[in-house]
S.K.: 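Following this message is one structure expressed as structure tokens.
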Amino acid sequence: MARQLITSALPYINGIKHLGNMVGSMLPADVYARYLRQRGEEVLYICATDEHGTPAELAAKDAGLPVAAFCAQQHEAQKAIYDGFALSFDYFGRSSSRQNREITQEFARELNRNGFIEERAIRQVYSLDDERFLPDRYIVGTCPHCGYDKARGDQCENCTRVLDPTDLIEPRSAVSGSSRLEVRETKHLFLLQSKLQPEVEAWLAGNGSKDWPTLASSIAHKWLTEGLQDRAITRDLEWGVPVPADEWPELAADGKVFYVWFDAPIEYIGATKEWADLEPASRDWRSWWYEADESVRYTEFMAKDNVPFHTVMFPATQLGTRAPWKKVDYVKAFNWLNYYGGKFSTSQRRGIFTDAALELLPADYWRYFLMANAPESDDTSFTWELFSSSVNKDLADTLGNFVNRVLSFSRKRFGDDVPAGHAAGDAERRLGDEVARLLGEYEEHMDSLQFRKAAQSLRALWSAGNAYLEEKAPWLEIKTDQDAAALTLRTAMNLIHLYAVVSEPFIPASAKAMRSAFALDGDTATWVTADQARALDAVPAGTAFTVPPVLFAKITEEDLESYRERFGGAEEPPAA
């Protein structure tokens, strides 16, 4: 059985991420990693903060901190939030680590020795008012392809076309806003992607990319159809992975560092080495990344703007080293989660950010909503009305109310232990068959990384319990046949335990609360088989139980009003 390597796009260091960032990479990767672990797979889930580049330098300057201190501070702040969302990273590293620096420099050396890096004199934009060369990202202007007036010099976030600063119409400095720009000559290293294009095409054709989501495969093939261009991979910055002096002494003396999009994907490997170096006797980072094509299945999670770099540029980099680095097997790409029809924006502080989300409500509310509405096939839009409808109907009414009324009613009528009652009858057999069928659907969707469909199947599992309860009506049964009511409640309690196990990837804290309601010795089950689902006997009669606090509180109209007042958003009816 292949081991499962999972990575999600690295969150950039300058600021707390919004919900769109969360649902576009880290959260679905966590849901999938949790699911695979529960199914008995060996999983390594790696992520890290992406810390290099001009934005980090400028943010540190604004904060009045040295850039290294700023990045260390922001790494801890982001990690605390991801812990709050219960993201189960095996390791959450830093692209500024020693390990990433060493591996990135070795990648560059090998690429150079194999003839895929070239030193070129280029003319680059220099800001007279800022007294510095401006990296592509910090030149803004109008995109020549779509007319977007806030396009960056490296890529237009509106149409996703890769740009050069000289392509922009009416360019200006993103640092000062100055248009007093001139072009001066400087030297940089270029990755000769044009020479690597045939190899990238062959790799894509042979690695199963036809099974990727259309979003991921279409973006990758679009880049190849348009033709790979040689790309500058160094910048004039103080903060970054230095160009190694043993290979390029002149550029190293000039203080050149590698472009963030060169070293950031390598950090997946670097972070794995960071993880292994903590326990070198028991962890081997190379076994996950080197000569691992047959022993490791590698799945990447990212939003669509990151797809070109991970499906074309990074594989080209790996191929050019001529070393047997593990390359991605499956790319799960996501569209945008918008906020009332407009884009979430870190720079414009538009939308809901992850720290504010956790201040408002527990993580499971957000985890479930985001995955149930994940932007898989197209862009989706967050509204407070849709959010409250999902929380109230699915979590509070369907799941939370089922758990509370079953346990509360049983305690009131039968005490603190699971009642015995009759043996299972036809209603229980029908329920078991339906639960086994729905569980199979849920597993199928999770295996194929179809998270919205998986959430629908999970919701259907929860609904099956309510339908059974309404059919049996133990509040009526107990008036004439206490053993019949006891059977119904015992069966329902077994459903609660099943829900606790299979819901954990989506709502881990609530799953733990449901499971801990039962005093089951040696309850080590990590998943539920179809036969176990049909039997519904994991919680036997006589097991002590407690009634947990309310799992999910409903969101009221008053809550909605306060949320809209704080975060904005016109009142709209929830989507059907």
S.K.: Atom CD of residue position E226 - does it have more than 12 heavy atoms of other residues, nucleotides or ligands inside 6.0 Å?
M.R.: yes
S.K.: From Q78 CD over to D355 CG, what is the distance, rounded to the nearest 0.5 angstrom?
M.R.: 10.5 Å
S.K.: Sub-3.5 Å donor-acceptor pair from the side chain of N114 to the main-chain atoms of G320, do we have one?
M.R.: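 Yes, the answer is positive, given that a donor and an acceptor are paired below the 3.5 Å cut-off.
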S.K.: Atom OG1 of T142 and atom CG of D167: how far apart are they, to the nearest 0.5 Å?
M.R.: 12.5 Å
S.K.: Quick one: pull up CG in D154 and CZ in R161 and give me the separation to the nearest 0.5 Å.
M.R.: 14.5 Å
S.K.: Can you check side-chain contact (heavy atoms from CB on, under 4.5 Å) on D246 and Q105, steps first, answer last?
M.R.: CA-CA 10 Å; D246 59 337; Q105 290 176 335; over 6 Å; no
S.K.: Decide yes or no for S295 and R3: does some side-chain heavy atom of the first lie under 4.5 Å from some side-chain heavy atom of the second?
M.R.: yes
S.K.: Taking the six-membered ring of Y330, is NZ or CZ of K332 closer than 6.0 Å to its centre and within 45° of its axis?
M.R.: no
S.K.: I'd like to check H52 versus D263 (side-chain heavy atoms, cut-off strictly below 4.5 Å). Are they in contact?
M.R.: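 In short, these two side chains touch, coming nearer than 4.5 Å.
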S.K.: Salt bridge or not for R120 and D230, using N-O below 4.0 Å?
M.R.: yes
S.K.: In sequence, state the C-alpha distance, the side-chain angles, and the governing distance for K256 and D254, and then conclude on salt bridge (charged side-chain N to carboxylate O under 4.0 Å, His left out).
M.R.: CA-CA 6 Å; K256 306 287 185 182; D254 287 344; 5.3 Å; no
S.K.: Rounded to the nearest 0.5 Å, what separation is found between the CD1 atom of I13 and the CZ atom of R94?
M.R.: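 Going from the CD1 atom of I13 to the CZ atom of R94 covers 6.5 Å.
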S.K.: Is any side-chain heavy atom of P505 closer than 4.5 Å to a side-chain heavy atom of Q38?
M.R.: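 Yes; the side chains approach each other to less than 4.5 Å.
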S.K.: Using a 4.5 Å cut-off on heavy atoms from C-beta on, say whether the side chain of W261 contacts that of N306.
M.R.: yes
S.K.: Evaluate the salt bridge (charged side-chain N to carboxylate O under 4.0 Å, His left out) criterion for residues E41 and R39: first the C-alpha distance (whole Å), next the side-chain angles of each, then the deciding distance (0.1 Å), finally the verdict.
M.R.: CA-CA 6 Å; E41 303 270 8; R39 300 304 305 274; over 6 Å; no
S.K.: Report the relative orientation of the aromatic rings in F89 and Y45; use parallel for angles under 30°, tilted for 30 to 60°, perpendicular for over 60°.
M.R.: tilted
S.K.: Between Y298 and W288, is the ring centroid distance below 6.0 Å?
M.R.: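 No - the distance between ring centres of Y298 and W288 does not fall below the 6.0 Å cut-off.
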S.K.: Any non-hydrogen side-chain atom of V307 less than 4.5 Å from a side-chain atom of L215?
M.R.: no
S.K.: Judged by atom type as modelled, is there a donor-acceptor pair below 3.5 Å linking the side chain of R109 to the main-chain atoms of E247?
M.R.: no
S.K.: Determine, for D379 against K304, whether the closest basic-nitrogen to carboxylate-oxygen distance falls under 4.0 angstrom.
M.R.: yes
S.K.: What's the spacing between R98 CZ and I103 CD1 if we round to 0.5 Å?
M.R.: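 If I round to the nearest 0.5 Å, the distance is 9.5 Å.
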S.K.: I'd like to know if the side chain of Y340 and the backbone of G568 have a donor-acceptor N/O pair within less than 3.5 Å.
M.R.: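 No, Y340 side chain to G568 backbone: no donor-acceptor pair under 3.5 Å.
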S.K.: Distance from S88 atom OG to Y82 atom OH, nearest 0.5 Å?
M.R.: 14.5 Å
S.K.: Report the residue from W203, Y290, Y268, F314 that forms a ring pair (Phe, Tyr, Trp, His ring centres under 6.0 Å) with W325.
M.R.: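 That would be Y290; it is the only one of W203, Y290, Y268, F314 passing the ring pair (Phe, Tyr, Trp, His ring centres under 6.0 Å) with W325.
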S.K.: Contact between Q4 and R37 at the side-chain level, heavy atoms closer than 4.5 Å - yes or no?
M.R.: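 The answer is no; the side chains never approach within 4.5 Å.
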S.K.: Please determine whether side-chain contact (heavy atoms from CB on, under 4.5 Å) holds for the pair L111 and T321, giving the CA-CA distance in whole Å, both sets of side-chain angles, and the decisive distance to 0.1 Å.
M.R.: CA-CA 5 Å; L111 286 163; T321 66; 4.2 Å; yes
S.K.: May I ask you to check whether T160 and D305 show a side-chain donor-acceptor distance below 3.5 Å?
M.R.: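 Judged by distance alone, the side chains do not pair up.
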S.K.: Which heavy atom of W223 sits nearest a heavy atom of M313, and at what distance?
M.R.: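 Scanning both residues completely, I find the closest heavy atoms to be CZ3-CG, 3.8 Å.
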S.K.: Hey, does the side chain of E376 reach the backbone of R452 with a donor-acceptor pair shorter than 3.5 angstrom?
M.R.: yes
S.K.: Do M22 and K17 pass the side-chain contact (heavy atoms from CB on, under 4.5 Å) test, and can you show the C-alpha distance, the side-chain angles, and the key distance before you say yes or no?
M.R.: CA-CA 7 Å; M22 179 63 69; K17 304 300 111 179; over 6 Å; no
S.K.: Give me the ring orientation class for F451 and F301: parallel if the planes are under 30° apart, tilted from 30 to 60°, perpendicular past 60°.
M.R.: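 The rings of F451 and F301 sit tilted, inter-plane angle from 30° to 60°.
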S.K.: Applying salt bridge (charged side-chain N to carboxylate O under 4.0 Å, His left out) to E76 and K79, what does each step give before you reach the verdict?
M.R.: CA-CA 5 Å; E76 291 304 314; K79 180 61 165 59; over 6 Å; no
S.K.: Is any side-chain heavy atom of H145 less than 4.5 Å from a side-chain heavy atom of C156?
M.R.: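 When only atoms from C-beta onward are counted, C156 and H145 do not touch, as no gap falls below 4.5 Å.
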S.K.: Checking side-chain contact (heavy atoms from CB on, under 4.5 Å) for the pair E267/T104: CA distance, chi angles, key distance, verdict?
M.R.: CA-CA 8 Å; E267 167 59 9; T104 296; over 6 Å; no
S.K.: Where the side chain of N207 meets the backbone of S209, is there a donor-acceptor pair that is under 3.5 Å apart?
M.R.: yes
S.K.: Between L189 and T234, what is the shortest heavy-atom contact and its length?
M.R.: N-OG1, 3.0 Å
S.K.: With no hydrogens and no angle check, do the side chains of K273 and S97 hold a donor and an acceptor under 3.5 Å apart?
M.R.: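 Judged by distance alone, the side chains do not pair up.
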S.K.: For the residue pair Y91 and A271, what are the closest heavy atoms and their distance?
M.R.: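 Closest approach of Y91 to A271: CD2-O, 3.4 Å.
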S.K.: Do Q450 and S448 pair up side chain to side chain, a donor and an acceptor below 3.5 Å, judged on atom types alone?
M.R.: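 No.
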S.K.: Report yes or no: do Q193 and Q197 form a side-chain donor-acceptor pair below 3.5 Å?
M.R.: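 Q193 vs Q197: no donor-acceptor pair found between side chains.
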S.K.: Check whether more than 12 heavy atoms from other residues, nucleotides or ligands sit under 6.0 Å from atom NZ of K343, and answer yes or no.
M.R.: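 Check passes, neighbour count above 12.
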S.K.: Say whether, by atom type as modelled, one donor and one acceptor occur between the side chain of T49 and the main chain of E51 under 3.5 angstrom.
M.R.: no
S.K.: Is it the case that over 12 heavy atoms from other parts of the model lie below 6.0 angstrom from the CD atom of E359?
M.R.: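 More than 12 within 6.0 Å, yes.
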S.K.: So, for A374 and T380, which heavy atoms are closest and what is the spacing to 0.1 Å?
M.R.: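 Scanning both residues, the minimum pair turns out to be O-CG2, 4.3 Å.
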S.K.: After noting the C-alpha distance and the side-chain angles of D30 and R367, does the key distance pass the salt bridge (charged side-chain N to carboxylate O under 4.0 Å, His left out) rule?
M.R.: CA-CA 10 Å; D30 174 72; R367 287 178 62 102; 2.7 Å; yes
S.K.: Indicate yes or no: does D329 engage R297 in a salt bridge with an N to O separation below 4.0 Å.
M.R.: no
S.K.: Search all heavy atoms of P11 against all heavy atoms of C47 and return the closest pair with its distance.
M.R.: CD-SG, 3.7 Å
S.K.: Run F382 and H18 through ring-ring contact (aromatic ring centres under 6.0 Å, His included) and show every step you take.
M.R.: CA-CA 12 Å; F382 178 96; H18 53 66; over 10 Å; no
S.K.: Step by step, work out the side-chain hydrogen bond (donor to acceptor under 3.5 Å, both in side chains) result for N100 and S95.
M.R.: CA-CA 6 Å; N100 191 46; S95 69; 4.9 Å; no
S.K.: Please check if the side chain of T7 supplies one atom and the backbone of E300 the other of a donor-acceptor pair under 3.5 Å.
M.R.: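 Absent.
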S.K.: Check whether Y259 forms a cation-pi arrangement with R235 (NZ or CZ under 6.0 Å from the six-membered ring centre, at most 45° off the ring normal).
M.R.: yes
S.K.: In this structure, are over 12 heavy atoms from other groups packed under 6.0 Å from E182 atom CD?
M.R.: yes
S.K.: Just wondering, do V162 and R231 contact through their side chains at under 4.5 Å, heavy atoms?
M.R.: yes
S.K.: Compute whether any side-chain donor of one residue and acceptor of the other, for S173 and D130, lie under 3.5 angstrom apart.
M.R.: yes
